[in-house]
Amino acid sequence: MSQPSVLHDTFNERQLLIYLPDGYADSDQRYPVVYLQDSGDLIEPNDSDTLLKVRTAKGELPGMIFVGVASFDRNDEYTPFVSPNVFEPGKMFGGNASVYARFLANELKPYIDSKLRTLPDREHTGIMGFSFGGLISVYTAFSYPDIFGRIGSFSGSFWFPGIIEWLEQLPIPQTGQRLYMNLGHAEGAGRTNGQQWMVPNSKKVYELLLQNGFTESTVRQVIYESEYHSFDLGVQYVPEALQWLFRAE
């Protein structure tokens, strides 16, 4: 019996959705792996999965394994620092990103590499997410630059307090990482909370990286027309992002 294209798995009580490339069961080929936040909603459910298959069939993308990782509490796990919760006044964000990032790098990745036919080096290991998922993907990749070499941040929440200062103080080693980031041109406009800093902070991140060893060939920022924080608009760029991130040298 051929192996299903989607595997449901549990690791350390965390639900995983693993998307296998076409032909995985019928070959001994090894594949790049992309770790996705929020159970992999960047490629499912929407038409990104179909677009990825089309580009793969055309030879524009290599076959890839996608690992969708469920969060226990995204406001807690995806935020790097304890901060007032802008969505629930009177409460705090948990700031446990370092614990979650360590889990991804030191526990989940070795598990996936042992279970599936992966290309385990950093050039073939990606991490991506939307909104807070984009924030934690960048935080994790920069915390473990020898593990995650390909980063996708779709409308990443760089408005979050402290992230700019963290990046300014972070030694950014030149490991050959690539980062694709996008956002709507007016996201956060009209907000009175921290989200008003969405666009200026995202641009600041891009400039900081260019000043610290990244180049226009290793970091790309795409700004599209949108006045809102839109999942549907942001994830349309997933196939384009993957093609750029994993293009041949």
Side-chain angles (χ1 to χ4, degrees), residues 1-45 48-49 52-53 55-56 61-74 76-78 96-130 132-154 175-180 235 238-239 241-243 245-246:
M1 180 179 294
S2 63
Q3 194 167 0
S5 59
V6 180
L7 302 177
H8 295 262
D9 196 4
T10 302
F11 177 66
N12 285 5
E13 301 183 351
R14 195 180 295 268
Q15 297 298 311
L16 306 175
L17 279 177
I18 302 172
Y19 300 84
L20 299 174
D22 289 344
Y24 179 91
D26 303 319
S27 76
D28 57 3
Q29 182 178 345
R30 292 186 171 274
Y31 296 92
V33 181
V34 181
Y35 293 87
L36 304 172
Q37 314 309 325
D38 291 306
S39 298
D41 61 358
L42 282 177
I43 64 169
E44 182 71 29
S48 290
D49 183 44
L52 291 172
K53 289 181 177 179
R55 293 199 180 205
T56 301
L61 272 176
M64 297 181 183
I65 297 168
F66 294 96
V67 180
V69 186
S71 63
F72 293 144
D73 181 340
R74 71 193 305 273
D76 179 39
E77 293 186 311
Y78 292 0
N96 278 321
S98 62
V99 176
Y100 177 67
R102 185 166 59 248
F103 162 76
L104 293 177
N106 295 340
E107 298 180 46
L108 181 59
K109 184 181 185 299
Y111 171 72
I112 293 297
D113 287 339
S114 70
K115 181 182 178 71
L116 300 172
R117 297 194 311 275
T118 69
L119 291 168
D121 57 285
R122 66 170 173 250
E123 289 77 12
H124 296 97
T125 303
I127 184 167
M128 302 172 68
F130 174 83
F132 271 168
L135 177 68
I136 186 60
S137 294
V138 170
Y139 176 85
T140 300
F142 285 171
S143 297
Y144 297 92
D146 292 331
I147 294 177
F148 299 99
R150 302 293 179 259
I151 316 155
S153 176
F154 300 86
T175 60
Q177 285 179 307
R178 288 187 187 140
L179 166 61
Y180 181 103
V235 301
V238 169
L242 286 169
Q243 188 174 348
L245 289 169
F246 287 92

Test item: [X] and [Y] side chains (from C-beta on) under 4.5 Å apart, heavy atoms:
X      : Y      : answer
Val67  : Val33  : yes
Tyr111 : Asp9   : yes
Lys109 : Thr118 : no
Met64  : Leu242 : yes
Asp38  : Leu36  : no
Leu116 : Tyr24  : yes
Phe142 : Gln177 : yes
Ile127 : Leu104 : yes

Self-check item: Side-chain ion pair, Glu107 and Arg14, N-O less than 4.0 Å
Solution: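 Salt bridge: no.
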
Quiz item: Does a side-chain N-to-carboxylate-O contact under 4.0 Å join Asp28 and Arg117?
Solution: no

Quiz prompt | Side chain Ser39, main chain Asp41, donor-acceptor under 3.5 Å | solution = no

Quiz item: Between Phe148 and Arg122, is there a cation-pi geometry (under 6.0 Å to ring centre, at most 45° from the normal)?
Solution: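 Judged by the rule, Arg122 and Phe148 form no cation-pi pair.
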
Between [atom1] of [X] and [atom2] of [Y], what distance do you get to the nearest 0.5 Å?
X      : Y      : atom1 : atom2 : result
Ile18  : Ile112 : CD1   : CD1   : 4.0 Å
Ile136 : Ser143 : CD1   : OG    : 7.5 Å
Gln37  : Leu42  : CD    : CG    : 8.5 Å
Leu16  : Lys115 : CG    : NZ    : 9.0 Å
Asp76  : Phe132 : CG    : CZ    : 11.0 Å
Ser71  : Tyr78  : OG    : OH    : 4.0 Å

Self-check item: Candidate pair Ile151 and Met128, rule side-chain contact (heavy atoms from CB on, under 4.5 Å), full reasoning
Solution: CA-CA 6 Å; Ile151 316 155; Met128 302 172 68; over 6 Å; no

Quiz item: Which atom names give the shortest non-hydrogen contact between Phe246 and Pro32, and what distance separates them?
Solution: CE2-CB, 4.0 Å

Practice problem: Let me see the working for Tyr180 and Gln243 under side-chain hydrogen bond (donor to acceptor under 3.5 Å, both in side chains), right down to the final yes or no. | Solution: CA-CA 10 Å; Tyr180 181 103; Gln243 188 174 348; over 6 Å; no

Quiz prompt | Thr10 side chain to Gln15 side chain, donor-acceptor N/O pair below 3.5 angstrom | solution =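 Per modelled atom types, Thr10 and Gln15 side chains form a pair under 3.5 Å.
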
Quiz prompt | Polar contact flag, side-chain donor to acceptor under 3.5 angstrom, Asp73-Tyr100 | solution = no

